[in-house]
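Everything below concerns the one structure shown next.
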Amino acid sequence: MKKTEDFYEKVYEVVRQIPDGKVTSYGAIAKAIGATKSARTVGYAMNNSLKSDAGLPAHRVVNRNGVLTGKHHFNEIDLMQKRLEAEGHVVENDQIKNFQEVFWDPFELY
DNA sequence: CGGATGACGGGTC
DNA sequence: AGACCCGCCATCC
């Protein structure tokens, strides 16, 4: 269990360091941490962070397609999209426009 | 212990 | 482009 919690911690740390106006993907986070876990586990960590109320900018984490796959986990369905739009992103059809341009690779931290 | 589930990703058709 | 499948791993039943 200890290793799992440690993994969650790393995920939170990376998410917290996502620059303003930037977004990243679950797979990128998993890769940056060490790819010891799958991208699926990163999403699970995020889901766990909701309960912990870690205050993470979870809206800045989307899947590799730039799709807001986790919007249903927010209190309000459109909260995730609203937050992204508030940061200057353009969301259309639950997908971030110009995803490549606003994508931030956490691998740069290491 | 085995199968199902999921904020995923990569590959195939 | 879109649908499908498989591997991935923590958690639940």
Side-chain angles (χ1 to χ4, degrees):
Chain A
M1 266 314 196
K2 185 59 178 66
K3 297 184 69 175
T4 300
E5 295 175 358
D6 189 61
F7 172 74
Y8 287 172
E9 246 183 80
K10 289 182 179 179
V11 173
Y12 303 157
E13 182 181 348
V14 172
V15 174
R16 259 189 280 266
Q17 295 181 61
I18 300 177
D20 219 47
K22 293 285 184 178
V23 295
T24 191
S25 69
Y26 304 94
I29 294 175
K31 181 181 179 183
I33 292 177
T36 59
K37 310 293 182 184
S38 67
R40 221 179 187 85
T41 314
V42 175
Y44 213 95
M46 297 303 296
N47 190 11
N48 190 67
S49 75
L50 290 180
K51 299 183 298 184
S52 307
D53 187 29
L56 300 174
H59 55 284
R60 291 177 186 165
V61 185
V62 295
N63 70 349
R64 69 171 179 92
N65 297 314
V67 179
L68 283 56
T69 54
K71 58 180 294 184
H72 288 101
H73 293 272
F74 286 72
N75 298 325
E76 213 177 317
I77 296 298
D78 294 330
L79 183 59
M80 187 176 189
Q81 178 173 337
K82 288 179 179 177
R83 282 181 174 175
L84 287 171
E85 292 176 339
E87 295 182 357
H89 296 297
V90 180
V91 181
E92 185 176 299
N93 193 24
D94 292 343
Q95 183 174 6
I96 298 178
K97 285 289 201 180
N98 308 321
F99 179 59
Q100 290 183 35
E101 299 176 13
V102 298
F103 176 77
W104 175 75
D105 192 349
F107 188 76
E108 296 176 359
L109 291 175
Y110 303 78

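Predicted, not measured: the structure shown is a model, and the values here were computed from it. Naming convention: chains lettered A, B, ... in sequence-line order (proteins, then strands); numbering from 1 in each chain. In what follows, every heavy atom counts, from backbone to side chain, and hydrogens, waters and symmetry copies are set aside.
For the pair Leu68(A) CG and dA7(B) P, the interatomic distance rounds to 13 Å; values are reported in whole Å. Between the NZ atom of Lys51(A) and the C1' atom of dA10(C) there is a distance of 11 Å, rounded to whole Å. dG10(B) atom P lies 9 Å from atom CG of Asn65(A), rounded to whole Å. Going from atom CE of Met80(A) over to atom C1' of dA7(B) covers 8 Å, rounded to whole Å. If you take CE of Met46(A) and C1' of dA7(B), they are 8 Å apart, rounded to a whole angstrom. Going from atom CG of Asn48(A) over to atom P of dC9(C) covers 18 Å, rounded to whole Å. Rounding to whole angstrom units, CD1 of residue Ile33(A) and P of dA10(C) are separated by 13 Å. Atom-to-atom, CG of Asp94(A) to C1' of dA7(B) comes out at 13 Å; the value is rounded to the nearest Å.
Listed pair Lys37(A) / dC8(C) fails the phosphate criterion, with no side-chain N or O lying under 4.0 Å from OP1 or OP2. Within the 4.0 Å cut-off from OP1 or OP2 of dT11(C), at least one side-chain nitrogen or oxygen of Tyr8(A) is found.
With sequence neighbours left out, Glu9(A) forms a salt bridge (Lys or Arg N to Asp or Glu O under 4.0 Å) with no residue at all. Looking at residues two or more places apart in sequence or on another chain, you find no salt bridge (Lys or Arg N to Asp or Glu O under 4.0 Å) involving Lys22(A).
Here Asn63(A) lies in heavy-atom contact (under 4.0 Å) with sugar-phosphate atoms only. Using a 4.0 Å heavy-atom criterion, one finds that Leu50(A) contacts the bases of the nucleic acid, with or without backbone contacts as well. Using a 4.0 Å heavy-atom cutoff across all strands shown, Ala58(A) reaches at least one base atom of the nucleic acid.
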Distance-only criterion, 3.5 Å: show the donor-acceptor pairs between side-chain atoms of residues 92-102 of chain A and protein atoms not counting sequence neighbours.
| residue | atom | partner | partner atom | Å |
| --- | --- | --- | --- | --- |
| Asp94(A) | OD1 | Lys71(A) | NZ | 2.9 |
| Gln95(A) | NE2 | Asn65(A) | O | 3.1 |

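Across every non-hydrogen atom of Ala45(A) and Tyr12(A), the tightest pair is O-OH, 3.4 Å. In terms of heavy atoms, Pro106(A) sits closest to Val14(A) at CB-CG1, 3.5 Å. Considering every non-hydrogen atom in both Gly70(A) and Tyr26(A), the closest pair reads N-OH, 4.5 Å.
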Between protein and nucleotides 11-13 of chain B, what N or O pairs are separated by less than 3.5 Å?
none

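Residues Lys31(A) and Asp105(A) form no side-chain contact, since every pair of their non-hydrogen atoms from C-beta on lies 4.5 Å or further apart. Between Trp104(A) and Arg60(A), the closest side-chain pair of non-hydrogen atoms is not below 4.5 Å. Proximity of Val61(A) to Leu56(A): side-chain heavy atoms (C-beta onward) are nowhere separated by under 4.5 Å. Side-chain contact check for Glu76(A) versus Lys82(A): some heavy-atom pair is nearer than 4.5 Å. Considering only heavy atoms from C-beta on, Met46(A) comes within 4.5 Å of Val11(A) through its side chain.
Taking every heavy atom of residues 17-27 of chain A and every atom of DNA chain B, pairs under 4.0 Å involve Ser25(A), Tyr26(A), Gly27(A), by number. A heavy atom closer than 4.0 Å to some atom of DNA chain B occurs in Gly70(A), His73(A), Phe74(A), these being the qualifying members of residues 70-78 of chain A.
With dG9(B), dA7(B), dA10(C) as the candidates, the nucleotide lying closest to the side chain of Ala39(A) is dG9(B). Nearest nucleotide to the Asn47(A) side chain, out of dA10(C), dC8(C), dA7(B): dA7(B).
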Check: Should Leu84(A) and Leu68(A) be marked as a side-chain contact (heavy atoms from CB on, under 4.5 Å) after you check the CA-CA gap, both sets of side-chain angles, and the distance that decides it?
Finding: CA-CA 10 Å; Leu84(A) 287 171; Leu68(A) 283 56; 3.7 Å; yes
